[in-house]
Amino acid sequence: MEAFNDRNVSNGYYKLDIEDYPTTAWGKFKRVVRRTFRGELFVGLWVVMREMIKFDVHTVQYPLEKMPIGPRYRAVHEMKRLWESEAERCIGCGLCEKICISNCIQMDTKIDENSRKEVSEYTINLGRCIFCGYCAEVCPELAITHGGEYENGSEQREHYIDYAGMLTPLEMMTQGKQQEFEGFGAITPHEDAGVKKTPLSY
Amino acid sequence: MEVAYLIETIIKVVVVLTIFSALAGIGTYFERKILAFMQRRLGPMNVGPYGLLQVAADGIKLFTKEDIIPTNVVTNVFKIAPVITASTAFMAAAAIPFLPSFDIFGYTVNPIIADINVGILYILGIMGVGLYGPLLGGMASANKFSLLSAARGAAVFISYEVVTGLSILAPIMMVGSLSLIDFNNYQIENGWIVFNLYGVGFVAFILFWIAAFAETGRTPFHLIANDHEIIDGFGTEYSGMRWGLFFIGEYANMFFISFVIPLLFLGGYGDGSLLGALALLGKVAFFFFFFLWTRAAWPDVRPDQLMWLCWKVLMPIAVVNILIAAIIMI
Ligand code: SF4
Ligand code: SF4
């Protein structure tokens with residue numbers, strides 16, 4: 001029971017050995033003298049001097065250099081294509097438009113010549129988008145995802161990105177450079193192993 | 001003769017003013033760079049090569065900014081306060097020998113504007129007057145933080161002046177003169193004052209150095225304009241070139257006190273050779289660098305701690321030091 005109630009992650013805690021404050025004048029005097037001659041000020045001086053000599057500068061000169069960004073980072077959206085046919089993944093189901101909590105996706109669909117549903121209009125208002133990732137999570141086709149492009153400043157509050165702008169260009173597909181998104185809505189690794197066949201009958 | 005002297009003095013004044021105004025600007029560059037390196041940053045990098053033109057950019061900004069006089073301030077005092085700081089800083093420079101005397105075109109130049117016989121007293125007195133800038137500016141500003149800063153200024157002022165005055169008494173007793181030139185000549189014959197008189201000189205040197213930090217308001221005693229407590233203190237309501245004048249005054253003060261410390265205690269410019277002059281500049285550079293170094297390394301003390309330090313610790317040490325010096329010299 002003792003072990004269950006102990007919520008400390010490790011039991012290596014110990015109390016710091018802090019001496020009591022001196023109460024007598026002589027005690028205070030002794031503390032002042034001890035602190036004065038302990039040379040802590042020079043330790044501080046040495047530390048900053050050491051860092052200056054080492055010159056181990058950590059500044060990232062931002063517009064010229066950029067930090068690598070994590071693959072799960074949620075920045076401006078991208079529309080992916082199918083690897084095999086290079087066709088657009090989006091099936092125009094409208095789930096992303098429905099789920100978007102800031103109502104910033106507007107889309108329209110039509111029936112194309114093969115009687116398939118096709119996206120005719122698709123815009124995201126980046127001025128409203130809060131980059132929550134719900135659209136990427138809800139998309140059944142892994143079509144809408146987030147990309148790594150975070151430099152989307154604009155002169156206006158309203159700042160739109162359209163379907164053509166988000167879609168992976170065809171040249172990138174031929175070079176095989178399309179990157180899958182690893183964040184919200186992505187397939188977890190080893191997903192295949194967990195797939196079960198639907199039984200024919202119960 | 002009279003005319004020649006007048007022209008020479010005017011030229012010297014102009015040279016000192018220009019050089020130290022420029023140095024005050026470049027001092028800010030060094031301060032930013034050195035602080036940045038000590039904190040593993042790069043400091044200014046974008047304006048000019050390695051950010052060297054940052055000083056010019058700052059100057060343009062300060063000069064062209066609107067000069068705002070807020071409502072409710074005591075206008076005249078508010079306007080005059082920065083001028084006090086800057087002008088007294090430069091007035092103090094009149095009695096400082098910056099270099100040994102040298103010849104150009106057969107004409108001997110003494111790089112001191114006026115070798116008055118009360119040199120060091122004059123310098124300390126004028127630098128003390130400089131504190132009226134923050135004091136008056138802070139009180140005239142109609143701003144709580146400025147007022148706090150003015151009150152702190154007064155507290156700092158009465159604390160460090162005692163230590164400065166008492167700590168240089170012992171060296172003055174050794175030299176028997178108040179002129180910085182006499183200090184220098186004394187140290188040519190008797191060695192540096194820091195090492196003189198069985199450690200008395202050393203104690204005086206340390207005390208004066210500590211008081212110099214309070215005098216210039218640098219980091220361990222950076223109380224009057226402590227950004228993280230009282231915004232910019234007395235400078236909060238100032239903008240444009242009036243604020244710039246405070247700034248120039250502060251940096252010029254740092255340079256002048258960096259000249260005074262080696263002149264008083266560390267042998268000054270020595271025997272007047274080129275080597276001695278370079279040594280003096282090296283010492284000045286070290287003391288200036290030390291001001292920046294402590295800013296990166298040390299925390300600030302509270303105003304009451306500064307007063308405690310000055311009155312209860314440094315002043316008794318200074319008095320005992322003087323007594324010891326007197327006993328030894330008798
Ligand atoms: S990230 Fe969120 S707010 Fe932005 S479009 Fe997707 S669902 Fe809407
Ligand atoms: S992007 Fe995805 S969720 Fe949105 S309409 Fe297309 S397929 Fe549906």
Side-chain angles (χ1 to χ4, degrees), chain A residues 14-70 73 75-76 148-156 159, chain B residues 30-51 54 199 202-203 206-207 209-210 213-214 218-222 285-302 304-317 320:
Chain A
Y14 58 90
K15 282 232 159 70
L16 270 184
D17 189 22
I18 298 174
E19 52 185 312
D20 289 336
Y21 284 107
T23 44
T24 58
W26 174 241
K28 280 181 188 161
F29 179 73
K30 272 199 299 189
R31 191 179 64 166
V32 166
V33 171
R34 203 166 51 240
R35 285 185 173 175
T36 308
F37 290 103
R38 198 156 48 177
E40 280 174 337
L41 288 179
F42 296 98
V43 176
L45 285 181
W46 160 241
V47 167
V48 288
M49 189 46 125
R50 188 189 62 205
E51 293 307 323
M52 180 163 150
I53 293 168
K54 270 203 285 183
F55 204 68
D56 187 12
V57 170
H58 286 236
T59 306
V60 177
Q61 291 182 276
Y62 163 60
L64 306 177
E65 321 174 326
K66 283 177 193 164
M67 299 264 274
I69 202 153
Y73 191 79
V76 177
E149 179 58 50
Y150 51 87
E151 290 174 324
N152 53 347
S154 81
E155 311 90 52
Q156 293 172 359
H159 171 201
Chain B
F30 283 128
E31 166 145 36
R32 287 179 197 174
K33 273 292 188 198
I34 286 171
L35 276 183
F37 292 159
M38 286 180 169
Q39 296 163 347
R40 307 210 289 189
R41 294 183 287 115
L42 276 176
M45 281 302 278
N46 287 325
V47 194
Y50 299 100
Q54 186 74 43
F202 185 72
V203 174
I206 295 293
L207 291 180
W209 199 4
I210 294 176
F213 276 91
R218 296 300 297 183
T219 265
F221 308 133
H222 187 222
F286 170 75
F287 281 104
F288 186 76
F289 176 73
F290 200 83
F291 277 124
L292 311 182
W293 194 2
T294 56
R295 180 156 184 204
W298 290 353
D300 274 317
V301 300
R302 293 195 311 261
D304 65 310
Q305 286 172 329
L306 173 62
M307 282 191 274
W308 172 86
L309 180 74
C310 284
W311 285 103
K312 289 196 181 167
V313 181
L314 299 184
M315 195 190 74
I317 294 179
V320 170

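Just so we're on the same page: letters track the sequence lines, and every chain starts at 1. Side-chain atoms are counted along with the backbone in the values below, which use heavy atoms only and exclude waters and symmetry mates.
Shown here for B:A297 and A:V48, the closest heavy-atom pair between the two residues is CB-CG2, 3.7 Å. Nearest heavy atoms, A:M52 versus B:I34: SD-CG2, 4.2 Å. In plain terms, the two heavy atoms of B:M38 and A:E51 that are nearest each other are O-CB, 3.8 Å.
Atom-to-atom distance recorded for B:F37:CZ and A:I53:CD1 is 13.0 Å, nearest 0.5 angstrom.
Atom CG of B:N46 has 12 or fewer neighbouring heavy atoms from other residues, nucleotides or ligands inside a 6.0 Å radius. Within 6.0 Å of OH on A:Y62 lie more than 12 heavy atoms contributed by other residues, nucleotides or ligands. Other residues, nucleotides and ligands place no more than 12 heavy atoms under 6.0 Å from the CZ atom of B:F202. More than 12 non-hydrogen atoms from other residues, nucleotides or ligands lie less than 6.0 angstrom from CZ of B:F289. Other residues, nucleotides and ligands contribute more than 12 heavy atoms inside 6.0 Å of the OH atom of A:Y150.
When heavy atoms are compared at a cutoff of 4.5 Å, B:W298 approaches chain A solely by way of its side chain, counted from C-beta outward. There is no contact between A:E40 and chain B, counting heavy-atom distances below 4.5 Å. Looking at A:V32, the atoms closer than 4.5 Å to chain B (heavy atoms on both sides) all sit in the side chain, from C-beta outward. At a 4.5 Å heavy-atom cutoff, A:V47 makes no contact with chain B through either its backbone or its side chain.
The residue among A:V57, A:L45, A:V43 with the most heavy atom pairs within less than 4.5 Å of chain B is A:L45.
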